[in-house]
Enquirer: 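Structure provided below as structure tokens; questions to follow.
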There are 2 protein chains.
Amino acid sequence: MASDHTRTALLAAAERLYADRGFGDVTLRDIVAEASVNLAAVNYHFGSKDELIAELFVTRSIATNRERLRELKAAEEQGGGRASIEVILHALVGPTLRGCLGPENQRSTAARFMIRASIESVPPIRRIKNREIDHLRKFAGAMRRALPDRSDVDIYWGLNFALAMAHHTIRESERLTKLSEGKCDLDDVEDVVARVVSVATMALTAGRTEAKAPSKVAAR
Amino acid sequence: MASDHTRTALLAAAERLYADRGFGDVTLRDIVAEASVNLAAVNYHFGSKDELIAELFVTRSIATNRERLRELKAAEEQGGGRASIEVILHALVGPTLRGCLGPENQRSTAARFMIRASIESVPPIRRIKNREIDHLRKFAGAMRRALPDRSDVDIYWGLNFALAMAHHTIRESERLTKLSEGKCDLDDVEDVVARVVSVATMALTAGRTEAKAPSKVAAR
DNA sequence: GATAGTTTCATACAAGTGTTTGAATTGCAA
DNA sequence: TTGCAATTCAAACACTTGTATGAAACTATC
């Protein structure tokens, strides 16, 4: 139907506004003005404001998760059912980082929206994030297969730390840039991905109980 | 004078409510009801709702930061001006983790408040967090002294990742528990601290030269 | 071209928000 | 006690919010 027009316009307008100004101070009236439609349209097409936000976030999440699984599947098939831990971690954090970082002026609306979503945490989005666990379990499974000697506990901590580094870097990218006076280049996305993967790999492969002695002094 | 009573009651009540229900749905009327004072008291004593939140957060932040610096100073003095990187990282993430994790039923109101603050990110708090950079620079300095061979970029990335792991673990502690089906014990705070410090230390000390070749990882 | 079903629109609604006001009350000093 | 400032209080204010309504304008089907 061509009558999706209003729906689509609303989604686009909302995403744009949320990306620019955050969830906190964007009202329904702002959205319908940006989309040049009537105030009642949101409730007619989505039921409520929260459902509009949810649909927006779900769409983007599904895209990211699909990308993640695509990378994971490809890697596992190529490795005959077992991928290396680096590649798994790469599939886990790559899509998110690639989607949210990169030169600011060429960052897509979708990317900026997802950054907001990771910073602000509004109820409808939180509800959806809680359902992400099944998705993460797939990665935990792959990681277990890649590191069969590792305990479950270590796997989960590694997974947690990998996500931590990726998400925190996105959330606080501005602060890191300021803190490092521009020395940390967040526009070089592949370098960021490589750093996160590298550290997470170390976390997962190094002996950790006796981690008191890192010893392996590798000077540059 | 003893007439601080209303002020104090307001601070305590607000902290309790925010800790329990988050910033999103606690109104001034909730707060004054909890504190058994008049609605106008907030504006009389604090000027505005935001300033009340800010005062709450500043107080707690100062406490944490002081604790961090205390640990750092002690370590540096003991090491004759240069502390080991592990100890520095310990001073950086220890106080926060210790303040926010631990058995839920014995978690202080202050702790639960700070967790909320790290999850929800409301304007007055965001403003304050942005001023935290000077504080972090002190740690960057100490880390540089501990690892004189390391480039500034690496130092900042290590700092970033250390904070990432600590904060993300706090923010998503519930999800990690659920994901790991309780196998990751977040009540054992010192173990969490040790894990974070260990991984961050590896990130800062291991050779990372291969990190510049992402294609190698991707093409595997 | 009439009819039934969608979609749009202006408008109103109900509820909740932080803040202000000005009078009442309190506490303290002279 | 009197006087004066600091504090408390009930009430109202001024807005903003998301949502609901019912009529009007479309669109497609017969």
Side-chain angles (χ1 to χ4, degrees), chain A residues 1-58 113 116-117 120-128, chain B residues 1-58 113 116-117 120-128:
Chain A
M1 293 268 203
S3 57
D4 286 356
H5 169 259
T6 302
R7 241 188 93 90
T8 324
L10 275 172
L11 286 170
E15 187 168 54
R16 222 173 310 143
L17 289 177
Y18 286 139
D20 285 344
R21 321 209 309 244
F23 297 96
D25 50 304
V26 171
T27 74
L28 273 192
R29 284 166 177 81
D30 293 332
I31 296 173
V32 297
E34 176 84 4
S36 304
V37 303
N38 186 270
L39 174 60
V42 171
N43 287 276
Y44 179 78
H45 285 282
F46 298 92
S48 72
K49 187 195 190 188
D50 277 8
E51 289 176 78
L52 168 69
I53 296 180
E55 175 155 339
L56 225 34
F57 184 71
V58 165
F113 171 80
R116 285 290 183 186
E120 281 197 35
S121 170
V122 57
I125 289 184
R126 218 167 357 212
R127 276 194 289 273
I128 294 162
Chain B
M1 275 336 250
S3 57
D4 287 356
H5 169 259
T6 301
R7 242 188 94 90
T8 323
L10 275 171
L11 286 169
E15 187 168 52
R16 221 174 310 144
L17 289 177
Y18 286 138
D20 285 344
R21 321 207 312 242
F23 297 97
D25 49 306
V26 171
T27 73
L28 272 193
R29 285 166 176 80
D30 293 333
I31 296 173
V32 298
E34 176 84 4
S36 304
V37 303
N38 186 270
L39 175 59
V42 171
N43 288 275
Y44 179 78
H45 285 281
F46 298 92
S48 73
K49 187 195 190 188
D50 277 8
E51 289 176 78
L52 167 69
I53 296 180
E55 175 155 340
L56 225 34
F57 184 71
V58 165
F113 171 81
R116 285 289 182 188
E120 281 196 37
S121 170
V122 58
I125 289 184
R126 220 168 355 216
R127 276 193 289 274
I128 294 162

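Chain A is the first sequence line, chain B the second, and so forth, proteins listed ahead of strands; every chain is numbered from 1.
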Enquirer: Strictly below 4.0 Å: does B:Thr6 bring a side-chain N or O up to OP1 or OP2 of D:dT8?
Expert: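 Yes, B:Thr6 has a side-chain N/O under 4.0 Å of OP1/OP2 on D:dT8.
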Enquirer: Within the structure, does a side-chain N or O atom of A:His45 lie under 4.0 Å from either OP1 or OP2 of C:dT8?
Expert: yes
Enquirer: How about A:Leu10 and A:Phe46: do any of their side-chain heavy atoms sit closer than 4.5 Å?
Expert: yes
Enquirer: Closer than 3.5 angstrom, by distance alone: can the side chain of A:Asp30 be matched with the main-chain N or O of A:Thr27 as a donor-acceptor pair?
Expert: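 Checking the backbone N and O of A:Thr27 against the side chain of A:Asp30, a donor-acceptor pair under 3.5 Å is found.
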Enquirer: Can you tell me the distance, in whole Å, between the NZ atom of A:Lys49 and the P atom of D:dG18?
Expert: 4 Å
Enquirer: Tell me: NE2 of A:His5 to P of D:dC26, nearest whole Å?
Expert: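 So the two atoms are 15 Å apart, to the nearest Å.
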Enquirer: Of all residues at least two apart in sequence or in a different chain, which pass the ring pair (Phe, Tyr, Trp, His ring centres under 6.0 Å) check with B:Phe23?
Expert: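 Partners of B:Phe23 by the ring pair (Phe, Tyr, Trp, His ring centres under 6.0 Å) criterion, ordered by chain and then number, come out as B:Tyr18, B:Phe113.
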Enquirer: Expressed in angstrom and rounded to an integer, what is the separation of B:Leu28 atom CG from C:dT20 atom C1'?
Expert: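 That distance rounds to 13 Å.
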Enquirer: In whole angstrom, give the distance that lies between atom CG of B:Asn43 and atom P of C:dG18.
Expert: 9 Å
Enquirer: In this structure, how many angstroms lie between the C1' atom of C:dT17 and the CZ atom of B:Phe23, rounded?
Expert: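 Going from B:Phe23 (CZ) to C:dT17 (C1'), I get 18 Å.
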Enquirer: Could you work out which one of C:dT8, D:dG18, C:dG18 sits closest to the side chain of A:Tyr44?
Expert: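 It is C:dT8.
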Enquirer: May I have the distance from B:Phe46 (atom CZ) to C:dT19 (atom P), rounded to whole angstrom?
Expert: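 So the CZ-P distance, B:Phe46 to C:dT19, works out to 13 Å.
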Enquirer: A:Glu120 side chain to A:Gly24 main-chain N or O, any donor-acceptor pair under 3.5 Å?
Expert: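 Looks like yes, one N/O pair under 3.5 Å.
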Enquirer: Nearest 0.5 Å please: distance from the CD1 atom of B:Ile125 over to the CG atom of B:Leu56.
Expert: 8.0 Å
Enquirer: Without decimals, in angstroms, what is the distance between B:Asp25 CG and C:dT17 C1'?
Expert: 13 Å
Enquirer: Distances for protein N/O vs nucleotides 9-11 of chain D N/O pairs under 3.5 angstrom?
Expert:
| unit_1 | atom_1 | unit_2 | atom_2 | d |
| --- | --- | --- | --- | --- |
| D:dC9 | OP2 | B:Asn38 | N | 3.4 |
| D:dA10 | OP2 | B:Asn38 | ND2 | 3.4 |
| D:dA10 | N7 | B:Asn38 | ND2 | 3.3 |

Enquirer: Which atom names give the shortest non-hydrogen contact between B:Ile128 and B:Val58, and what distance separates them?
Expert: CD1-CG2, 3.4 Å
Enquirer: Confirm from the modelled atom types if A:Arg29 and D:dG18 form a donor-acceptor pair under 3.5 Å, side chain to base only.
Expert: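 Yes, a donor-acceptor pair under 3.5 Å.
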Enquirer: Let me know the distance between CG of B:Leu52 and C1' of C:dG18, rounded to the nearest Å.
Expert: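 So the two atoms are 12 Å apart, to the nearest Å.
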Enquirer: What's the shortest heavy-atom distance between B:Glu34 and B:Leu17, and which atoms?
Expert: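 Where B:Glu34 meets B:Leu17 most closely, the heavy atoms are CB-CD1, 3.8 Å.
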